[in-house]
Amino acid sequence: MNRIVTMVLKNLWIVPGAWFKLCKYARHADEYPEEEKYRHIQFILKRAVRGGNVDLQVSGTENIPAEGGFMFYANHQGMFDVLAVAATCDRPIGAVLKKELYNIPFLHQVAICTKSFAMNREDVRQSLTVIQNVIREVKAGRGYLIFPEGTRSKLGNQMLDFHSGSFRCATKSKCPIVPIALIDCFKVLDQKGSKPVAVQIHYLTPIPYEEYQNLSTTELAALVKDRIAQKIAQCTAQE
């Protein structure tokens with residue numbers, strides 16, 4: 001059975017109310033506290049994770065900054081990635097999503113409630129506007145998630161090249177960077193079936209601005225990718 005169907009069926013008694021409430025938050029996003037909206041999203045995600053036979057194995061949550069703006073940079077494996085991070089990061093965050101994901105029901109409502117941005121990589125001007133918006137929000141103290149590969153890898157736990165341009169959000173806002181290593185996330189929504197699956201989310205040691213301020217965005221992209229790759233290699237070698 002499709003895992004999304006399993007998630008819904010096992011939570012059927014809460015789906016109508018939870019969906020109605022999420023839509024209400026999305027329609028009137030500015031009228032509700034960010035914390036309230038985010039907690040409701042986490043409630044839905046955690047119920048879906050349990051109903052979908054997904055074992056979220058998390059480490060390093062102590063590395064998430066308690067205050068001030070910051071950037072998450074994670075490897076990209078599939079549609080579940082942003083949901084896995086939102087489900088395990090208790091501090092409200094936004095994300096930069098591909099325009100195709102932004103328009104998917106549920107993801108669309110979540111994006112509105114978390115002040116996430118849709119990026120069209122084929123439109124340079126629009127992409128620059130998104131980056132400027134993220135920089136503004138991070139400087140104001142919010143956290144944002146970006147997948148610097150730009151598209152999901154179809155190679156399992158192997159990563160694609162990181163686009164250096166996405167790191168301008170960090171260099172311009174002078175904020176800490178928290179690399180995230182995602183392992184086996186592609187097995188949740190990008191593979192058929194609903195058998196139990198374990199997914200790993202590792203929040204790595206933050207990289208303060210002072211550590212990367214003299215690096216070019218290309219060098220910074222390589223540094224972050226290397227740290228994520230090391231963690232993935234370490235964890236998959238134990239299997």
Side-chain angles (χ1 to χ4, degrees), residues 3-4 7-8 15 17-49 52 56 64 69-123 125-152 163 165-166 168-170 173 178 180 182 185-186 188-190 201:
R3 196 176 303 274
I4 294 179
M7 290 175 173
V8 172
V15 168
W19 173 249
F20 175 81
K21 192 172 183 178
L22 178 64
C23 290
K24 180 184 70 172
Y25 283 143
R27 286 194 304 269
H28 309 284
D30 294 336
E31 299 177 15
Y32 295 94
E34 182 176 44
E35 190 80 17
E36 179 181 339
K37 293 179 290 186
Y38 193 74
R39 293 298 163 239
H40 182 62
I41 291 168
Q42 283 199 313
F43 167 75
I44 294 173
L45 293 178
K46 290 177 180 180
R47 296 287 310 199
V49 164
L56 283 184
I64 301 171
F70 64 93
M71 290 295 308
F72 282 149
Y73 286 95
N75 57 307
H76 196 9
Q77 298 193 330
M79 289 179 61
F80 187 67
D81 297 351
V82 67
L83 304 179
V85 175
T88 56
C89 174
D90 285 340
R91 184 173 169 190
I93 58 167
V96 175
L97 306 172
K98 292 193 302 183
K99 63 176 183 177
E100 294 83 1
L101 291 179
Y102 190 88
N103 293 321
I104 295 176
F106 180 71
L107 286 181
H108 180 70
Q109 282 75 22
V110 169
I112 294 173
C113 290
T114 56
K115 209 170 183 178
S116 297
F117 299 107
M119 177 177 283
N120 180 2
R121 292 189 178 276
E122 297 179 0
D123 186 333
R125 180 174 295 180
Q126 191 270 351
S127 296
L128 290 175
T129 298
V130 169
I131 289 174
Q132 290 168 354
N133 288 337
V134 172
I135 292 170
R136 182 189 68 245
E137 294 294 331
V138 173
K139 283 183 175 180
R142 300 189 78 239
Y144 271 83
L145 166 66
I146 285 184
F147 299 103
E149 289 164 287
T151 188
R152 63 183 126 174
H163 296 289
S166 63
R168 290 180 58 196
C169 295
S173 55
V178 180
I180 302 177
L182 301 177
C185 272
F186 62 92
V188 179
L189 298 179
D190 292 72
I201 304 99

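Sequential numbering from 1 along the given sequence is applied to the chain's residues. Only this structure's heavy atoms are used, side chains among them; waters, hydrogens and symmetry mates stay out. None of these values were measured; they are calculated from a predicted model.
- The distance from the CD atom of Glu149 to the NE2 atom of His163 is 8.5 Å, given to the nearest 0.5 Å.
- Considering all non-hydrogen atoms of both residues, Glu35 and Pro92 come closest at OE1-CG, 3.6 Å.
- In terms of heavy-atom proximity, Asn75 sits nearest to Asp81 at O-OD2, 3.9 Å.
- When side chains are defined from C-beta on, Glu34 counts as touching Arg142, because their heavy atoms get closer than 4.5 Å.
- Classification of the His40-Phe43 ring pair by plane angle, with boundaries at 30° and 60°, yields parallel.
- The CD1 atom of Ile4 sits 5.0 Å away from the CG atom of Leu189 when rounded to the nearest 0.5 Å.
- Residues Ile131 and Gly165 come closest through the heavy atom pair CD1-O, 4.0 Å.
- Residues Ile112 and Tyr25 fail the side-chain proximity criterion, which asks for heavy atoms closer than 4.5 Å.
- Val110 approaches Thr114 most closely through the heavy-atom pair O-OG1, 2.8 Å.
- Although no hydrogens or angles enter the test, the distance criterion places a donor-acceptor pair under 3.5 Å between the side chain of Gln126 and the main chain of Ala118.
- Considering CH2 of Trp19 and CD1 of Ile44, their distance stands at 8.5 Å, rounded to 0.5 Å.
- Counting heavy atoms from C-beta on, the side chains of Phe80 and Val49 come closer than 4.5 Å.
- Between Asn133 and Met119, every side-chain heavy-atom pair lies at or beyond the 4.5 Å cut-off.
- To the nearest 0.5 angstrom, Thr129 atom OG1 is 8.0 Å from Asp123 atom CG.
- For the pair Asp90/Gln42, a side-chain contact is recorded, criterion being any heavy-atom separation below 4.5 Å from C-beta on.
- Looking at Gln109, its side chain never comes within 3.5 Å of a backbone N or O of Arg27 through a donor-acceptor pair.
- Taking the six-membered ring where the residue is Trp, Phe117 and Tyr144 present parallel rings, their angle staying beneath 30° rather than reaching 60°.
- Applying the side chain to side chain donor-acceptor pair (under 3.5 Å) rule to Ser127 yields no partners; only residues at least two apart in sequence or on another chain are considered.
- Under the 30°/60° scheme for interplanar angles, the aromatic rings of His76 and Phe147 are found to lie parallel.
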| request: Tell me, with the steps shown, if Asp190 and Met79 meet side chain to side chain contact (heavy atoms under 4.5 Å, CB included). | output: CA-CA 7 Å; Asp190 292 72; Met79 289 179 61; 4.2 Å; yes
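- Counting only heavy atoms from C-beta outward, the side chains of Leu83 and Leu107 approach each other to under 4.5 Å.
- Rounding to the nearest 0.5 Å places CG of Leu145 at 7.5 Å from CE of Met71.
- Summarising the geometry, atom CD belonging to Gln132 is positioned 10.0 Å from atom SG belonging to Cys169; distances are rounded to the nearest 0.5 Å.
- Remark: side-chain polar atoms of Tyr32 are not paired, donor with acceptor, to backbone N or O of Cys113 under 3.5 angstrom.
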